[in-house]
Every structure is written in C-alpha cells, then in structure tokens.
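Quantities reported herein were computed from a predicted structural model and do not represent experimental measurements.
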Amino acid sequence: MAIFNQIHRMRRRPEGDKISSIARFAYDGARPESDAPKGGIEDLFWSNTGPVVHKWHHYLPIYQRYFERFVDTPVRILEIGVSKGGSLQLWRRFFGPQAVIFGIDINPDCAQFDGQAGQVRIGSQDDAGFLNSVVDEMGGLDIVLDDGSHVSRHIRASLEALYPRLGDGGVYMIEDLHAAYWPSFGGGYGKSRSFMSDVKQIIDDMHHWYHLEGEKVRPTAGHVAGLHVYDSIVVLEKERVMAPKHSQIGDGAVMSAPSRGGEA
C-alpha cells in the first residue's frame with residue numbers, strides 16, 4: 001500500500017485530481033460487519049497492534065480464498081514491497097512458523113525489518129538477476145504477491161522473471177492494479193502500455209486453442225490454469241495446461257467434430 005504515499009506526492013500532476021480522489025475511500029471507523037469466518041486473515045488484520053498494515057478491505061477475503069490452503073505448511077512466499085514491515089508480520093501470523101517468507105523492496109530503510117517476521121532483501125523488482133538470486137535463496141516459490149511500485153512495466157518485468165520460477169499449483173497475485181489506469185504509473189485506460197492490456201492478452205492466450213494467433217505473453221504461456229480478476233487484484237493460478245478434450249457418454253452418444261464456428 002505504499003502507493004498511497006506516492007499518490008499524495010502527485011497531486012500537482014495533470015491527472016492529480018483523479019488520483020488524489022482515492023482519498024475519499026479512506027475509512028477510520030470500527031471493523032465493518034462481515035460474513036467472513038472467524039479466525040482468518042480478517043481477524044488478524046483488524047486486531048493488529050504491531051507495525052502498520054495498510055489494506056483495502058475487499059482484499060482480505062481474496063487473500064483468504066487463495067492462501068488458506070497454504071496455512072501451516074512450509075510454503076515459500078515472496079512479497080514485493082515491504083513498506084513499514086507490517087505486512088510481513090501479518091503473513092507470519094497467518095501462514096504460521098513453517099512458512100518461508102521473503103520481502104523485497106528498493107528502499108534500503110526496509111533492511112531494518114530483515115529477520116523479524118521474514119527475510120528482507122533490498123533490490124528492484126525489475127532486476128531479473130536480483131529476483132532470481134532471491135528465489136534461489138528461498139529454494140523456490142509457491143506464492144508471489146506483487147505490492148511493489150505498481151508501475152506497469154515493473155509489474156511486467158517481475159512477472160517475466162518470477163512466473164517461470166513459480167511451482168505448479170502456485171499463486172501469483174498482483175494488487176493495487178487501479179494504478180494501471182493512471183499515466184503517471186505507466187498505464188492509462190485502454191492503453192497498450194498498461195498492465196491491464198497484458199491481463200487481456202493472457203485471457204486470449206488461454207484460449208489459443210480456438211484462434212490462430214498463438215500465445216503472446218511468453219512467461220505465462222501454457223501455464224495458466226485460471227485467471228481471476230477482482231477490483232484492483234489479478235490472480236494467476238499456475239499449472240501446466242494440456243490441450244482440452246471432450247467426450248460424450250451415454251446410450252446413443254455419437255462423436256462428431258464441431259463445425260469451424262459452430263456448436264460443440
């Protein structure tokens with residue numbers, strides 16, 4: 001959530017009025033009513049008394065949905081963006097003592113959090129050599145959470161380096177993608193430079209069986225079992241994807257090839 005600090009410094013830019021309007025979403029009341037089960041990450045977030053953790057409320061159930069199966073396992077987690085260190089402590093409390101938790105940040109001040117709830121390494125998320133050295137140290141990857149600069153080209157660079165290193169069954173989550181709509185973060189509505197254009201291309205790539213254009217996003221090609229889009233969050237589920245097959249089972253079933261544009 002370091003993005004909020006950047007937003008307040010950008011009020012004078014041409015699109016500053018639109019960006020700074022995000023402040024209207026700020027909330028300082030009591031914990032909102034929720035149907036979320038007790039004991040999950042929402043409890044940990046709302047009861048936090050340690051270093052600051054800054055999250056959009058609607059992110060919490062998304063974390064629970066995709067990360068819960070890794071709780072109390074030796075899961076290997078890399079968080080891009082350390083900020084004030086509170087997020088790493090939240091993940092430690094959530095995943096448990098077996099988890100291998102690393103955070104990276106370009107700000108050298110974040111080195112002070114190394115060894116507290118996880119390991120911290122200082123470097124840039126668009127430096128493939130640095131990222132690979134961290135993954136080597138971790139012994140592999142099961143979860144990547146990109147909460148870094150939110151600049152589209154940086155998000156793209158991290159995906160190119162890290163997605164191929166992610167284990168099968170792993171989860172790659174990118175958050176704060178509202179920034180992909182802002183020119184100051186290298187994005188813009190309908191712009192090819194926005195990371196949202198990559199998301200749309202990955203959807204087309206997943207369906208390459210049915211068109212003639214092939215797969216264009218190289219690091220994810222053939223290994224996206226599911227792509228889930230939420231408000232400001234995209235989740236990629238990694239599995240090797242095989243060519244789809246279909247069957248007809250039952251009395252009188254007749255197999256026939258579908259027409260080029262017709263029904264299966």
Side-chain angles (χ1 to χ4, degrees), residues 1-11 19-20 22-23 25-28 41-42 44-60 62-64 66-67 75-95 99-127 130-131 134-135 137-138 141 143-155 157-159 161-162 171-180 182 184-187 195 230-235:
M1 275 300 180
I3 189 171
F4 285 92
N5 296 327
Q6 298 178 53
I7 288 167
H8 290 301
R9 293 196 296 268
M10 294 162 54
R11 291 178 183 268
I19 292 176
S20 62
I22 202 169
F25 298 110
Y27 178 82
D28 60 0
I41 199 164
E42 293 207 30
L44 295 174
F45 174 76
W46 288 102
S47 63
N48 177 56
T49 58
V52 171
V53 183
H54 193 176
K55 296 292 182 184
W56 290 86
H57 298 182
H58 69 277
Y59 286 10
L60 300 172
I62 298 171
Y63 295 149
Q64 189 75 34
Y66 292 99
F67 296 161
V75 60
R76 298 160 299 182
I77 309 152
L78 176 61
E79 182 169 34
I80 302 174
V82 173
S83 189
K84 299 179 181 179
S87 185
L88 291 178
Q89 297 204 16
L90 175 68
W91 298 131
R92 175 58 68 194
R93 294 196 298 274
F94 179 68
F95 287 108
V100 176
I101 302 175
F102 273 63
I104 65 168
D105 205 292
I106 200 168
N107 183 355
D109 291 344
C110 292
Q112 65 183 296
F113 304 117
D114 183 37
Q116 294 185 8
Q119 308 305 308
V120 175
R121 301 293 178 261
I122 304 302
S124 177
Q125 75 174 103
D126 67 345
D127 182 340
F130 166 69
L131 294 177
V134 173
V135 176
E137 187 177 359
M138 295 175 65
L141 277 177
I143 294 174
V144 175
L145 178 61
D146 186 343
D147 185 20
S149 73
H150 311 304
V151 173
S152 282
R153 63 182 175 86
H154 294 166
I155 296 170
S158 295
L159 185 74
L162 295 174
V171 175
Y172 198 107
M173 185 178 291
I174 307 164
E175 64 181 50
D176 290 352
L177 280 172
H178 37 264
W182 300 335
S184 51
F185 283 81
F195 185 75
Y230 302 87
D231 178 349
S232 303
I233 282 186
V234 164
V235 182

| Given I77 and V100, is the side-chain contact (heavy atoms from CB on, under 4.5 Å) satisfied, shown in steps? | CA-CA 6 Å; I77 309 152; V100 176; over 6 Å; no
| query | Hey, does F94 have a side-chain heavy atom less than 4.5 Å from the side chain of Q64? | reply | yes
| query | Would you call D147 and S87 a side-chain contact if the rule is heavy atoms closer than 4.5 Å? | reply | no
| From CA spacing to verdict: side-chain contact (heavy atoms from CB on, under 4.5 Å), D146, M173 | CA-CA 6 Å; D146 186 343; M173 185 178 291; over 6 Å; no
| Are any non-hydrogen side-chain atoms of L90 and N48 less than 4.5 angstrom apart? | no
| message | Is the distance from the ring center of W91 to that of F102 below 6.0 Å? | response | no
| For Y63 and E175, does a side-chain donor sit closer than 3.5 Å to a side-chain acceptor? | yes
| message | Please evaluate residues L88 and Q116 with respect to the criterion side-chain contact (heavy atoms from CB on, under 4.5 Å), reporting the C-alpha separation (whole Å), side-chain torsions for both, the decisive distance (0.1 Å), and the verdict. | response | CA-CA 9 Å; L88 291 178; Q116 294 185 8; over 6 Å; no
| message | Going by side-chain contact (heavy atoms from CB on, under 4.5 Å), V82 matches just one of I122, I106, D105. Which one? | response | D105
| query | Are side-chain N/O atoms of Y59 and D176 paired as donor and acceptor at under 3.5 Å? | reply | yes
| said: So, taking the atom named CG in N107 and the one named OG in S83, what distance separates them when rounded to the nearest 0.5 Å? | reply: 9.0 Å
| message | Centroid separation under 6.0 Å, is that true for the rings of Y27 and H57? | response | yes
| Distance (rounded to the nearest 0.5 Å) between L60 CG and I41 CD1 | 6.5 Å
| said: Using the side chain to side chain donor-acceptor pair (under 3.5 Å) criterion, which residues pair with E137? Sequence neighbours excluded. | reply: R121
| query | Are I104 and L131 close enough that some pair of their side-chain heavy atoms sits under 4.5 Å apart? | reply | yes
| CD1-CD distance between I101 and Q119, expressed to the nearest 0.5 angstrom | 10.0 Å
| said: Return the NE2 to OG distance between H150 and S232, rounded to the nearest 0.5 Å. | reply: 10.0 Å
